[in-house]
Amino acid sequence: MLVHIKDIVKKAQQGSYAIGAFNITNLESVLGVAQAAVKANSPAIIQVSESAIRYMGLKPITHIVSTVAKNIAANVPIALHLDHGTSFDSVFECISSGFSSVHIDASSLPLDENIRLTKQVVKVAHGRNVWVQGEVGAMVGGHGNIRGKLKKIPLASLEDVVTFVRETKVDTIAAAVGTAHGVYSNEDIVFSLLKAIKKSIAIPFVLHGGSGVPNGKIKRAIREGVNIINIGTDLKVAFCQALIKTCLENKDETDPRNLLKPTIKAVRKVVMEKMKLFGSAGRFIVDDTET
Ligand code: G3H
Ligand code: ZN
């Protein structure tokens with residue numbers, strides 16, 4: 001079922017677990033996430049980037065996610081979120097299209113400009129019952145990158161995060177705490193910073209760059225109070241590897257569905273593993289005996 005993000009994130013806060021926010025790129029990855037949510041009895045956030053919107057179109061994406069959530073995942077809650085919105089206009093379009101949560105990422109701007117733009121978004125979004133995620137300390141790396149080492153992974157300043165949250169009144173906060181977009185050998189979580197942020201602010205913390213972070217560190221981050229974990233690259237890799245393998249093994253195939261079916265399964269598998277790791281699996285068991 002399609003729900004407002006607040007319904008599932010508040011439960012995650014109370015239950016001390018995290019919900020995966022999974023970046024989707026096409027129908028097959030939406031199906032993979034929805035099927036995983038059903039099999040794992042887990043809530044999920046389906047998130048789309050601006051580049052996914054350029055690829056599929058905003059209306060088609062909105063309708064695909066809501067239709068799949070209502071029909072394929074009728075018994076588990078799924079929320080729709082915009083990931084890394086970069087302008088007021090793009091965020092506004094998603095608010096108007098029916099998203100229950102939007103991320104305005106102005107983290108590459110000076111703090112005062114980031115605060116100004118985020119406040120504008122919060123004003124409009126809250127007027128329409130939509131949650132806003134803000135970000136402090138620009139994330140480095142690149143979605144889909146899976147090799148190498150980053151020269152430097154900059155960290156957000158604790159003071160900036162506290163000022164930003166107080167001034168903007170965002171509902172969830174993302175901040176650079178040592179992870180990166182993509183998979184790199186030197187990404188990490190600086191727990192002293194994460195702990196200090198969690199101690200200073202009450203709103204849910206969103207960990208970006210979840211791919212490539214060792215499982216033990218993810219578990220510790222959840223113990224420290226992280227409630228949303230973004231996963232993008234791991235799903236892209238699973239999808240592409242399955243597709244490449246199937247194409248190489250079936251060069252004469254003429255039905256696209258036979259080439260694409262394994263990609264759904266591959267995404268589903270990774271998402272289910274993450275749901276178990278994050279502690280969101282098993283949180284929504286529907287009693288079939290009820291009438
Ligand atoms: O916003 C999306 C994420 O932060 C995904 O990062 O590609 O490292 O999983 P990732
Ligand atoms: Zn991110």
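Ligands are counted one by one from 1 in listed order, and the atoms in each one are counted from 1 as well.
Of all protein heavy atoms, the one closest to atom 9 (O) of ligand 1 is Ser211 OG, 2.6 Å. Atom 7 (O) of ligand 1 has as its closest protein heavy atom Thr233 OG1, 2.5 Å. The single protein non-hydrogen atom nearest to atom 6 (O) of ligand 1 is Gly209 CA, 3.2 Å, given as residue, atom name and distance. At the top of the distance list for atom 5 (C) of ligand 1, counting protein heavy atoms only, stands Gly232 N, 3.5 Å. At the top of the distance list for atom 3 (C) of ligand 1, counting protein heavy atoms only, stands Asn230 CB, 3.4 Å.
Donor-acceptor pairing under 3.5 Å is recorded for the side chains of Ser280 and Ser42.
Backbone and side-chain nitrogen or oxygen atoms of Gly182 are examined, and one is located within less than 3.5 angstrom of a nitrogen or oxygen of ligand 1.
At a 4.0 Å heavy-atom cut-off, ligand 1 touches Ala180 through the backbone alone. Counting heavy atoms closer than 4.0 Å to ligand 1, residue Asn23 contributes side-chain atoms (C-beta onward) but none from N, CA, C or O. At a heavy-atom distance under 4.0 Å, only side-chain atoms of His84, from C-beta outward, approach ligand 1. In Asp83, the part holding a heavy atom less than 4.0 Å from any atom of ligand 1 is the side chain.
Asp234 does not count as a contact of ligand 1, since none of its heavy atoms falls under 4.0 Å from the ligand.
Rounding to 10 degrees, one finds that the Zn ion (ligand 2) sits at the corner of an angle of 100° between His208 ND1 and His84 NE2.
Remark: ligand 1 atoms within the under-4.0 Å shell around heavy atoms of Ile231 are 9 (O). Residue Gly210 has at least one heavy-atom neighbour below 4.0 Å for each of these atoms of ligand 1: 6 (O), 8 (O), 9 (O). Close approach of ligand 1 to His208 (heavy-atom distance below 4.0 Å) involves ligand atoms 1 (O), 4 (O).
Among Gln47, His81, Lys6, the one residue that satisfies the side chain to side chain donor-acceptor pair (under 3.5 Å) test with Ser101 is His81. Tested against Val270 for a side chain to side chain contact (heavy atoms under 4.5 Å, CB included), the candidates Arg268, Lys274, Met272 yield a single pass: Lys274.
With hydrogens and angles ignored, the 3.5 Å screen pairs a side-chain donor or acceptor of Ser29 with a backbone N or O of Asn26.
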